[in-house]
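Working notes, beginning with the structure itself.
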Amino acid sequence: MTSKPKLLKGDETEAHKPESQKAVEEEENDKAAFTSNSACFDFALDCLDWLLKKSEQMYDGKSFTYETWNWNNKCHLKEDCYDSKCLKLELRLLKTFLLCARNYESLGCSNMSFRIQDEVSRIPKDIHSASIKSGVLGAGREIRRFRESIILYRTDIKKWYNIFLDDHYSLGYHDPGQFVDSIIETLVVKDWSYWPFDEALCGLIEALKENLIFLKNLISFATMQGVDQQMQLMDLLIQVRVVAIKSASLIYACWFDRYYREERNKMQFGISRLLQKIKPFNLDPQVRETYVQVLTASKLSRSSPDILNWNIVVADFVDSLLSNLIELQEFYSIFIISVKDQIRKLHEGLRFLRILLLGQMKFNLLTNQMKDLIRVGVCDSGIIICSLFVSDIKEGFAMETDIELFDLLKLLKFVMAEAAQIYPLTSSSSFGFPKTNELGSVDFLLENLKELANCEADSIAFPKDQILRIHEDLVSLRSFLHDIAEQRNQNEKLQDLWSRVVEVAYKAEFVIDSIIVGDKPDCSPLSLDTITKKIKFLMTEIDSARHEYDTQAKRVSKTYIHMPSQGTTPVLNEVLVGLDEEVETIIDRLTRGSKQLDVVSLVGMPGLGKTTLANKVYHNAFMCHFHIRAWCTVSQVYSKYSLLLQILVNTAVFKSPDQYLKMDEDDLAEKLYKCLKGNRYLIVLDDVWDIDAWNLLKVSFPNDENGSRILFTSRFHTLCSLFKFDSKPHHLRPLTDEESWELLQKKLFGKECCPSQLSVVGMQIARNCKGLPLTVVLVAGVLANTEQDCWEEVANSLSSSTVIGTEHCMKTLELSYRHLPDYLKSCLLYFGAFQEDQDIPVRRLLRLWISEGFVRMTEAKSLEDVADEYLMALIDRSLVMVTQLRSIGGVKFCRVHDLLHEFCLAKSKEESFLQILHGRNELFTSTRPYNPHRLCYYSSTGEELKQSRLFFPHLRCLLFFPDRKFIFGRQHEYSFIFRIFKLLRVLDFGEVDLGQNFPWEVEMLVHLRYLAIQCYLSSIPSGIANLSRLETLLIVGNGSSVALPNTIWNMKKLRHLCCRSGFRFPTENFEVSPDLYHLDTCTLAIDRSSKSLQMVLRKLPSIRRLKCVGSIIRESSGNCERILMLDFLSRLQSLHVVGLRGFEFAFPLNLKKLTLSACNQPWSDISTVGKLPNLEVLKLLSDAFVGETWEMEEGEFSNLRILKLKFLDIVTWTASCDIFPNLQKLVLYRCWKLEEVPSCLGDSPNIEMIELNWCSQSAESSVKQIQENQMEMGNEGLKIVIH
């Protein structure tokens, strides 16, 4: 027998160590060794970050050195930024390789590893030396040299990765965690999105990163639970090692072969195959078994939740499970409806656990028993998710899985209930349907069901007969709802019946709409059969209820009193009562006193009229004392960027967004300072809530000792001293009872007298308004729509209130809300979706209302006209404020008072109408509701929304409001929206830029009615026709025209097609293509080479607003002249023509507004426009007409009210005394050559304003002379504005 060699004394201890302990110690030694070596990578990356920041600052002109002024150097700086970003990514790839190679040193890769480390360690030193010697440009040359050196390793590293894969079993136990971490760090998609990778590949890279995180979190979770690493984790560790090596190899090759399409396609295929080896719900049974074994071992093991970071590790694993649940629903397009509902409940429970685990202080309040239940629930959740098969999704769970899931959901529900004291749930309803205008929602459902019942379904499985029966039964139930609408609030049984009928209607809608998107019904409670039975049961109950209760509406004779309607004439100026002295006081403080920059504060409780008073002062004629004036609304949510931008736009420094796209807040602050420097200025800061806003802005306000002023309004008295120590606030007083009564009468009766029978009760109501103008105005809105004999009820409602201030206003708002018709309540609450103190574009608002189903069709009226009437009804009730009128009548922009905005948010939450999420904190801590119908998302990126793991299967409306303008996103960041939220009706991306391709996933949203996206594309795919219900399509930001597919003619419900440069309609098979009968608004790209233009226009018979966009290239000859025939468009009211040189026009006689730009028409042709009998607004912009002389003929422009001339080369303008009999406003902008304005314009009986911007001195003198002549004749109403 061969004797063993004698051990040294120190070796004896080593020999008796267990193999697992040796392995762990070797692993720790390896980590320690590499830590010292990896420091060179971290140092090099820090150095590149510094250089990149320096280069970008110089390129943007922030570092003023000699290099900045050389254009060639700027080009080199741009290249340096590119190379620095490339080198950063390449260093991460090398670091990842070395992490892998350190475990295979026995294979002979050590020499290359040392060479790489030596190369990397020289980077900081060489870059620093080059930058000292030759500046940043010299450092750029060093970067390119290093990149050339790194490329030389490309072939060898690829070979080594293949060798590592062949030899991976030789390692035995080895934790690949650090290696996986390095790959995840390298796979940050924002670093890859700079390069020539398409959206599909970027999406796969993101998916690979998520799945690697899952593997890492699974190992960490199992280890934390005490699972034996040597025995129970071995299979998982080997699998993770193989996956990690393949991932590293793929992304390395993906980067260095990125410019070869064929190689990119190979990488895309390789990553797709690799993902199938990682995903818990993939088809590989071996992978499933490995995951389930590890999780089962974790469940059986016992670990103390008191271990450091125990909750964080568990939370990370829960996050990965949530990610997989969401990916599961992206991966499979067809679900059994009950399965989807159970997955939703599982998602809801897991997301609550994640919030509970991440809240360290609240987590510590839980008992150990509760923490152990959480551990068991997480293990069971992982086991079920990793055990799902395709058959479970498409056919329903097997009995065993169904029982396990039932028990798990029961456990999660118990945990949520026990933890409710820590994280109270804001909704108890599992379905959570909106409670606003429920009758209108049922009507909307009935319209959709009727449409479905009449459609020709392609699928045999489509339950058309069932839908027809449900429609008939719901019509009967709807009749009952109408009968009890007034009585239900006084009768609990009727209210219960009402709620159950509405709930079954919502459930029917959900199930039917789910079937339409491809989900399968089954025998669960969420099935058509079950819903049909519930409806039949309800009908039986209702028959009994009709005998028990008198459900017929009581006919009561009521006396109405006539009150002037403001519905047809919206007004901008608020009525002021009793504030004349206040206005004079503020003006005196602004225009007199110290020459130092001073702050004037206007404070008072909400609803006192601070903003109204400040606005009156701001537009007072005495304010011409200041050279520059600007208004800035601050509110509660703001950023330095948005505040500076508001002020600059108001000072007319910026005329278009393009001027500030590349500016950051420091650039804007400097721009504002230079703009104000040397000028006497007035800046109004409205609705200030804290001192922080002032601290952000004050450095941009120079003190030139010339009497400049800052006027701010606030409800907080203490802010005044924080703005300026010795400043005294102006406290706005409440109205007296007499002033309140005067204001109430003016709002109700205008210049007419109040009927004597209403004087006593009217004075009582005014007294109960407690001197708050807002309350008076709101009550006037209620009384204007209340019968005479009900005024006492309003008076009693107000007198019962013992609160004051904000609470009193809120009670008055509640009163106004209760008196609204149900169909207006949804419209009012929708204002809560928009930002506080924001001017809201009315057309956008009305289109959203229509798409949401708030607006009911009325005979002989379009939906747009009915929606406009709804808005005017809210304005009549003083709930909505008009901020800008349209030139041809109507409202262009509106807003609501900030208190009303608060009310809308509170009421929306109470009635499950709308949910608002602001930024990362709210996204990641929101606990309920899990099934909102409408969601407004205020943030910069879609990535945050995705990482929040929120899942809303019932979501119908998603509105994006980025926290700053022009957010550049990537489509893969938002693609999950199209796959997850399949029931959306409204999707508005706001100002989030989605790139250069139309997101094809949109085609899956077959219920979509409103789509607004910002992207840059040349065509829209034919699959858009899948959106057969689409009414509004807005393409924002496009610089070129967009080609529509042939299938566009099948989209019969289209009402609005808008794009900056116009849509190009297809002309194939024109004869058999149907008309777009409902199209109301369209931006049309004119192809002058096409012979089918007139045919396209004839297919838009109902068009009311049309913009025609053509080429602005000058024609070389006159042979291409053509006539654009528009006279057959009998409904056309507004026309905007851009760039149609060489055309003649035949306009429709009913046209009310005409805008022409870059048409190069001779002035002799303007008589065609002048003879239009109904034309009210004419805008001639940028070479609309060319030539030096405009000689007007008698009888032209008989109804014109507004005329605007901009960028025209006109010199002489002659007119007779009988022109423009109805002209109210004339605007001239940069008509530099115009010598004078015809003096006879002053004789126009309705002229109110003449405004000149950047015109000649002689033109300005002629306008001043017109004003003097009018004043001599006693006409002092003509206003002249000259800029």
Could you pull out all residues at least two apart from Arg1055 that satisfy salt bridge (Lys or Arg N to Asp or Glu O under 4.0 Å)?
-> Glu864
Mark yes or no for whether His627, through its side chain, and Arg680, through its backbone, hold a donor-acceptor pair below 3.5 Å.
-> yes
Are Phe1185 and Trp1190 an aromatic pair by the rule of ring centers under 6.0 Å?
-> no
Arg709 charged N/C atom sitting above Phe626 aromatic ring, 6.0 Å / 45° = no
Main-chain N/O of Ser1102 paired with Asp1080 side-chain donor or acceptor, under 3.5 Å = no
What are the two closest heavy atoms between Ser1061 and Ala1085, and how far apart are they?
-> O-CB, 3.8 Å
Going by the side-chain contact (heavy atoms from CB on, under 4.5 Å) test, name the single residue among Leu1124, Leu1132, Leu1175, Leu1172 that passes it with Phe1147.
-> Leu1172
Exercise: do Ser1256 and Ser1258 side chains pair donor with acceptor under 3.5 Å | yes
Test item: Ser1262 side-chain N/O and Val1237 main-chain N/O as donor-acceptor pair under 3.5 Å | yes
Nearest atoms (heavy-atom pairs only) where Cys894 meets Val880 = CB-CG1, 3.8 Å
Donor-acceptor pair, Thr883 side chain versus Phe893 backbone, under 3.5 Å?
-> yes
Would you please test Cys1082 and Phe1065 for side-chain contact (heavy atoms from CB on, under 4.5 Å) and show each step?
-> CA-CA 11 Å; Cys1082 182; Phe1065 278 83; 3.9 Å; yes
Check whether any side-chain N or O of Asp839 sits under 3.5 Å from a backbone N or O of Arg895 as a donor-acceptor pair, and report yes or no.
-> no
Would you say the side-chain atoms of Asn679 pair up with the backbone N or O of Tyr681, donor to acceptor, closer than 3.5 Å?
-> no
Please say which of Leu1203, Asn1246, Ile1202 ends up in a side-chain contact (heavy atoms from CB on, under 4.5 Å) with Leu1223.
-> Leu1203
Show your working on side-chain contact (heavy atoms from CB on, under 4.5 Å) between Leu848 and Phe834 and close with a plain yes or no.
-> CA-CA 12 Å; Leu848 286 168; Phe834 297 90; 4.0 Å; yes
Mark yes or no for whether Arg1201, through its side chain, and Ser887, through its backbone, hold a donor-acceptor pair below 3.5 Å.
-> yes
What's the shortest heavy-atom distance between Val842 and Leu871, and which atoms?
-> CG1-CD2, 3.6 Å
Looking only at side chains, do His1056 and Thr1032 share a donor and an acceptor under 3.5 Å apart?
-> no
Considering all heavy atoms, the nearest Val896-Leu879 contact | CG1-O, 3.6 Å
Determine the minimum heavy-atom distance between Leu1126 and Pro1148, stating which atoms define it.
-> O-CD, 3.4 Å
Please confirm whether the backbone N or O of Pro1173 pairs with a side-chain atom of Asn1199, one donor and one acceptor, at under 3.5 Å?
-> yes
Value for CG (Leu1178) from CG (Leu1181), rounded to nearest 0.5 Å, stands at 9.0 Å
Within the side chain of Asn1160, is there an N or O that forms a donor-acceptor pair under 3.5 Å with the backbone of Gly1142?
-> no
Should Asp865 and Arg1104 count as an ion pair when the cut-off is N to O under 4.0 Å?
-> yes
Relative to Tyr618, does Arg629 satisfy both conditions: NZ or CZ under 6.0 angstrom from the six-membered ring centre, and within 45 degrees of the ring's axis?
-> yes
Does any N or O in the side chain of Thr713 come within less than 3.5 Å of the main-chain N or O of Asp687, such that one atom is a donor and the other an acceptor?
-> yes
Closest approach of Leu711 to Ala614 (non-hydrogen atoms, all atoms of both residues) = CD2-CB, 4.3 Å
